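Note that these values count all heavy atoms, side chains included, but never hydrogens, waters or copies made by symmetry. All of these numbers come straight from a predicted model, not from anything done at the bench. All residue numbers refer to positions in the sequence shown, counting from 1.
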Amino acid sequence: MLRPVRMPQPRLKLVVTGDDFGYCLLRNRGIVESFQAGAISNVSLLVNASSAHDAAEQARRYNIPIGLHANLSEGLPVCERLQKRSSLLNEDGFFHGKMGFRKALRNGQLKMAEVELELRAQVQLFCELTGHLPYHMDGHQHVHVLPGVREVFAQVLSDHQIRFTRVPVEPGLHACSWLPPHLKDFYTQVEKDALESVGIFLKHGIRWPDAYIGLTTMGNHMSVASIKAAICKAIEVPSAQENGVTTPRCELSSLFGISKQDRPRTVELMVHPGYPSLPYEGGCGEGADDFSQSLDRKHELDTLTDPALLEFYKEKKVQLCAFKDL
């Protein structure tokens, strides 16, 4: 009697997510090229961005797995009730910005009912643009793990049965001596907020990969070597440990009832490939920011499509996939 042939399992399932899809036509072009080259496997859409409609059309055309990059910090809200007067807006009528949002949150200025209205409006607009619910949902500039916001965010995901999110806790972050102090401080706070979100996400049945990469490999810190090192670290560390503190982790094995030995490890790599935005084109209502205009976007595109990195994936049995494939 012939036994069924078991296909070799990958050592790692890697979700390479291109963030800020829809930010501008040049960003869209770079993300699509990365997907076609087999360098990214997943995208996150900014529904309030200037080229969101184009991004959604490109995702349909090329069958790109797409999720929602919920945005509460840059540009304009999509909920009409919040566009004229809202605690989410600054005196110029735009979202408060990456650090401004955090300051307003600390000062108790933000109304969580308005956060919920905007998140639900963005899910609805995503569905209108793509024809389906997001396969995953995370937060632009990591706002989804902030105190108060994370509870609302988790409830919105649960209500829409969106199963996957991002928990930005990166193995090896504290050992990265090359990071500028201001970035190290910000990333450390992101990690703290993310760890405090774990129990809330678990309570709502939300899942995420075993490990996350992307803070230490962003922009000019990205190289083939840095991605290799980060992936190897993520594979080797059974549960992320930083300074002796064990990171709570939503192991997919426990959710699916299979042993860790029977499944590959799962990791998300956050990336921002593209071509630099033009100063007065793109963005979410205020024009393109410095991050988007930077040559770092093209640097990431070139690095991610480098044949040496793609060959590394093959050698290490790394299978690129999307959240919907986990």
Reported [atom1]-to-[atom2] distance for the pair [X] and [Y], which is rounded to 0.5 angstrom:
X: Ile31; Y: Leu26; atom1: CD1; atom2: CG; answer: 11.5 Å
X: Met218; Y: Asn220; atom1: CE; atom2: CG; answer: 11.0 Å
X: Ser292; Y: Glu74; atom1: OG; atom2: CD; answer: 8.0 Å
X: Asn48; Y: Phe95; atom1: CG; atom2: CZ; answer: 6.0 Å
X: Ile66; Y: Gln58; atom1: CD1; atom2: CD; answer: 10.5 Å
X: Lys192; Y: Thr188; atom1: NZ; atom2: OG1; answer: 11.5 Å

Below 4.5 Å, heavy atoms only, C-beta onward: do [X] and [Y] meet side chain to side chain?
X: Cys284; Y: Leu76; result: no
X: Leu326; Y: Arg163; result: no
X: Gln109; Y: Ser87; result: no
X: Val267; Y: Ile231; result: no
X: Tyr135; Y: Asn42; result: no
X: Val167; Y: Val145; result: no
X: Cys321; Y: Val15; result: yes
X: His53; Y: Leu129; result: yes

- line: Between Tyr212 and Pro168 the two heavy atoms that sit nearest each other are CD2-CA, 3.5 Å

query: Taking all non-hydrogen atoms of both residues, which atom of Leu179 and which atom of Tyr187 are closest, and how far apart?
result: CD1-CD1, 3.9 Å

Hey, is the main chain of [Y] close enough, under 3.5 Å, to the side chain of [X] for a donor-acceptor pair?
X: Thr130; Y: His132; answer: yes
X: Arg150; Y: Asp193; answer: yes
X: Ser226; Y: His221; answer: yes
X: Arg265; Y: Ala234; answer: yes
X: Asn28; Y: Ser51; answer: yes
X: Gln293; Y: Ala288; answer: yes
X: Glu151; Y: Gly148; answer: yes
X: His299; Y: Met222; answer: yes
X: Ser34; Y: Gly30; answer: yes
X: Asn90; Y: His96; answer: no

task: Report yes or no: is the cationic atom of Arg207 (NZ for Lys, CZ for Arg) under 6.0 Å from the centre of the six-membered ring of Phe201, at an angle within 45° of the ring normal?
output: no

Are [X] and [Y] connected, step by step, through hydrophobic side chains (Ile, Leu, Val, Met, Phe, Trp, Tyr) whose heavy atoms are closer than 4.5 Å?
X: Leu146; Y: Val115; result: yes
X: Tyr280; Y: Tyr23; result: no
X: Val149; Y: Leu46; result: no
X: Val190; Y: Leu183; result: yes
X: Ile40; Y: Leu25; result: no

Ring pair (Phe, Tyr, Trp, His ring centres under 6.0 Å) partners for Phe186, two or more places apart: none

Ring pair (Phe, Tyr, Trp, His ring centres under 6.0 Å) involving His182 - partner list, sequence neighbours excluded: none

field: Residues forming a side chain to side chain donor-acceptor pair (under 3.5 Å) with Arg102, sequence neighbours excluded
entry: none

query: When Ser73 is tested against each of Lys98, His140, Gln141 for side chain to side chain donor-acceptor pair (under 3.5 Å), which residue passes?
result: Gln141

field: Passing option when His136 is tested against Trp208, Phe323, Phe164 for ring-ring contact (aromatic ring centres under 6.0 Å, His included)
entry: Phe323

query: With the threshold set at 4.0 Å, does a side-chain nitrogen-carboxylate oxygen contact exist between Glu170 and Lys233?
result: no

message: Regarding Lys13 and Asp325, does a basic nitrogen lie under 4.0 Å from an acidic carboxylate oxygen?
response: no

- prompt: Any luck finding a side-chain donor-acceptor pair between Asp138 and Ser44 under 3.5 Å?
  reply: yes

task: Please check if any side-chain donor atom of His174 sits under 3.5 Å from a side-chain acceptor atom of Glu191, or the reverse.
output: yes

query: Does the side-chain hydrogen bond (donor to acceptor under 3.5 Å, both in side chains) test come out yes or no for Gln155 and Asp159, once each step is laid out?
result: CA-CA 6 Å; Gln155 187 62 57; Asp159 289 348; 2.7 Å; yes

